[in-house]
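First up is the structure itself, then whatever we jot down about it.
This structure is a prediction, so every number in the text was calculated from the model and none was measured.
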Amino acid sequence: MKRAALLVLGAYVGVVGAFVHRHHWHAAGVDWPWGLVLAIVVTYVVVLAADRITKVGGAWLGLGWGLVLLVQQLSPGGSYLVASDWVGWSFTIGCLGAIVVGVARTPRLEQ
């Protein structure tokens with residue numbers, strides 16, 4: 001039951017991140033991608049929290065996140081939320097990297 005909940009939570013984080021990652025703030029002549037940074041940081045924090053809930057919880061969360069990304073890319077007409085530009089690729093690679101680092105850094109052996 002916990003794994004299914006983490007799968008759904010991962011899908012939710014993926015959908016919300018896909019909506020938020022394009023937000024930016026213009027200051028001092030520069031566009032600051034606060035939505036992109038927020039999406040990556042929240043993904044990492046939720047992966048760490050999922051690993052505390054159950055063993056390999058971050059991996060289950062990452063599976064849900066990845067399924068959302070896969071469904072978006074396989075839909076007819078491509079993804080409307082994650083464009084194929086530097087922001088979209090930064091979101092995809094940054095969040096996947098956060099998931100991998102979050103899962104890999106958690107110790108699995110009982111001491």
Side-chain angles (χ1 to χ4, degrees):
M1 191 65 174
K2 289 180 186 178
R3 292 176 180 165
L6 290 172
L7 194 71
V8 171
L9 179 62
Y12 178 75
V13 169
V15 169
V16 171
F19 278 107
V20 171
H21 83 278
R22 306 260 340 139
H23 287 80
H24 65 279
W25 177 51
H26 187 76
V30 178
D31 284 333
W32 300 94
W34 66 266
L36 177 63
V37 173
L38 181 69
I40 294 170
V41 169
V42 166
T43 301
Y44 181 71
V45 169
V46 174
V47 166
L48 293 181
D51 267 339
R52 291 182 181 264
I53 292 173
T54 186
K55 201 172 203 175
V56 296
W60 283 97
L61 186 125
L63 181 62
W65 191 95
L67 286 174
V68 167
L69 189 67
L70 185 64
V71 166
Q72 287 179 15
Q73 296 301 322
L74 293 179
S75 65
S79 175
Y80 295 105
L81 297 176
V82 182
S84 185
D85 61 354
W86 75 269
V87 178
W89 280 105
S90 297
F91 167 70
T92 303
I93 294 169
C95 286
L96 286 174
I99 291 168
V100 168
V101 168
V103 170
R105 73 170 286 281
T106 306
R108 302 277 178 240
L109 300 175
E110 298 286 329
Q111 292 182 2

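- The minimum heavy-atom distance between Leu6 and Gly57, with the atom names listed, is CD1-CA, 3.6 Å.
- When all heavy atoms of Lys2 and Ile53 are compared, the pair lying nearest together is NZ-O, 3.9 Å.
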Q.
side-chain contact (heavy atoms from CB on, under 4.5 Å) for Asp85 and Arg22? Distances and angles first, verdict last.
A. CA-CA 11 Å; Asp85 61 354; Arg22 306 260 340 139; 2.7 Å; yes
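- Ring-plane geometry between His21 and Phe91 is classed as parallel, the angle between the planes falling under 30 degrees on a 0 to 90 degree scale with a further cut at 60.
- For the residue pair Gly14 and Val68, the shortest heavy atom distance occurs at C-CG1, 4.1 Å.
- For Ala50 against Gly58, the heavy-atom pair with the smallest separation is CB-N, 3.9 Å.
- Thr43 approaches Cys95 most closely through the heavy-atom pair OG1-SG, 3.6 Å.
- Note on Val87: it clusters hydrophobically with Trp34, by side-chain heavy-atom contacts below 4.5 Å among ILVMFWY residues.
- Atom CD1 of Ile99 sits about 11.5 Å away from atom CG of Leu48, to the nearest 0.5 Å.
- When all heavy atoms of Ala98 and Ile40 are compared, the closest pair comes out as CB-O, 4.0 Å.
- For Trp65 and Tyr44, the gap between ring centers reaches or exceeds 6.0 Å.
- Cluster membership check: Val37 does not share its hydrophobic cluster with Val30, using side-chain heavy-atom separations under 4.5 Å among Ile, Leu, Val, Met, Phe, Trp and Tyr.
- Rounded to the nearest 0.5 Å, atoms CG (Leu63) and CG (Leu70) are 10.0 Å apart.
- Using a 4.5 Å cut-off between side-chain heavy atoms of Ile, Leu, Val, Met, Phe, Trp and Tyr, with links allowed through other members, Trp32 and Val42 fall into the same hydrophobic cluster.
- Ile93 and Trp86 sit in two unconnected hydrophobic clusters of ILVMFWY residues. Membership requires side-chain heavy atoms under 4.5 Å apart, directly or through other members.
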